[in-house]
Undergrad: 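Quick one: the structure is below, and I'll ask about it shortly.
Just follow the structure's listing: the first ligand is 1, and inside any ligand the first atom is 1. Positions are given from 1, in the same order as the sequence printed here.
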Amino acid sequence: MSDKRGLFITFEGGEGAGKSTQIRMLAEQLRERGLEVIITREPGGSTGAEAVRHVLLSGAAESFGVRMEAILFAAARNDHVEEVIRPALEKGTVVLCDRFLDSSRVYQGTTGNLEPDFIETLQRIAVNGFMPDVTLIFDIPAAAGLARARKRADEGAVPDRFEKEELETHEKRREAYLDIALADPRRCRVINADQPLKQVAEDVWAMVEPLLNKPAPQKQASQ
Ligand code: TYD
């Protein structure tokens with residue numbers, strides 16, 4: 001790994017955790033430091049993956065089953081990594097990615113009931129050991145997150161296929177994310193997202209700032 005390599009940060013969590021706002025705020029702070037930053041998201045983020053995004057979030061793939069959906073997420077991820085994320089990191093850019101492979105573990109694995117082996121095999125194909133340097137897991141009680149997501153819907157945003165599910169499902173996802181954080185403490189940091197926006201932003205900065213002066217941690221296929 002060259003010391004010119006950028007930093008790859010992924011943002012994970014359930015609905016209404018406020019990831020997108022925090023990503024924008026963090027990007028601003030990093031740019032003020034003179035860093036090159038890109039914001040990207042999954043599913044999507046590259047031309048090929050954006051085409052797949054539409055199929056997934058419209059619900060068009062739903063009737064083909066959760067395996068098919070999981071494979072499509074992985075296909076999109078592979079294109080995104082190879083076309084956008086890896087080239088940006090090679091140029092020394094900080095890449096902020098709204099959702100990445102942990103979303104597949106949680107949404108398709110835990111609440112989609114796909115076997116962990118199936119998901120991990122797909123991840124090997126999608127990312128081949130290419131892992132985020134840091135993953136910030138935005139933790140919020142499911143009811144509070146859903147209330148925020150609903151407020152957004154009242155303001156005109158149409159709920160996607162994955163937002164229409166029950167509270168219990170959302171709580172399971174929350175627990176699955178916390179389990180991922182416990183299993184991989186080197187990569188994952190849990191952020192209490194059930195706080196005022198400014199406090200969350202301060203917590204995010206406290207996690208990210210120490211990484212800026214150090215070379216990115218050595219990659220390993222930790223999960
Ligand atoms: P989006 O509106 O982009 O996101 P968010 O909920 O982060 O504001 O919707 C993305 C949806 O896709 C979200 O409900 C989670 C789901 N998803 C998966 O089920 N598996 C995945 O691998 C990814 C990346 C997302």
Undergrad: Answer yes if the side chains of Tyr107 and Thr169 hold a donor-acceptor pair under 3.5 Å, and no otherwise.
TA: no

Undergrad: Side chain, backbone, both or neither: which part of Arg77 has a heavy atom under 4.0 Å from ligand 1?
TA: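 Only the side chain of Arg77 comes within reach of ligand 1.
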
Undergrad: How does Arg99 reach ligand 1, by side chain, by backbone, by both or by neither, if only non-hydrogen atoms under 4.0 Å count?
TA: side chain

Undergrad: Could you list all the side-chain hydrogen bond (donor to acceptor under 3.5 Å, both in side chains) pairs where at least one residue sits in residues 23-35, not counting sequence neighbours?
TA: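 Sorted result for residues 23-35: Arg33-Glu209.
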
Undergrad: Between Ile38 and Phe130, is there shared hydrophobic-cluster membership here, with clusters defined by ILVMFWY side-chain heavy atoms closer than 4.5 Å?
TA: yes

Undergrad: Could you tell me, atom by atom, which parts of ligand 1 come under 4.0 Å of a heavy atom of Glu42?
TA: 24 (C)

Undergrad: Is the closest heavy atom of Lys19 to ligand 1 under 4.0 Å?
TA: yes

Undergrad: Could you name the option among Glu15, Gln108, Arg53 that has the heavy atom nearest to atom 1 (P) of ligand 1?
TA: Arg53

Undergrad: Suppose I only count heavy atoms of Ser104 and a 4.0 Å limit; which atoms of ligand 1 are within that range?
TA: 21 (C), 22 (O)

Undergrad: Within the 4.0 Å heavy-atom shell around Tyr107, which atoms of ligand 1 are there?
TA: 14 (O), 15 (C), 18 (C), 19 (O)

Undergrad: If we ignore angles and hydrogens, is there a donor and acceptor under 3.5 Å between the side chains of Gln123 and Arg105?
TA: no

Undergrad: Could you tell me the separation between the CD1 atom of Ile23 and the OG1 atom of Thr40, rounded to the nearest 0.5 Å?
TA: 9.5 Å

Undergrad: Side chain, backbone, both or neither: which applies to Leu57 and ligand 1 if a contact is any heavy-atom pair less than 4.0 Å apart?
TA: side chain

Undergrad: Do the side chains of Leu167 and Leu178 join up, straight or via other hydrophobic residues, at under 4.5 Å, putting them in one cluster?
TA: no

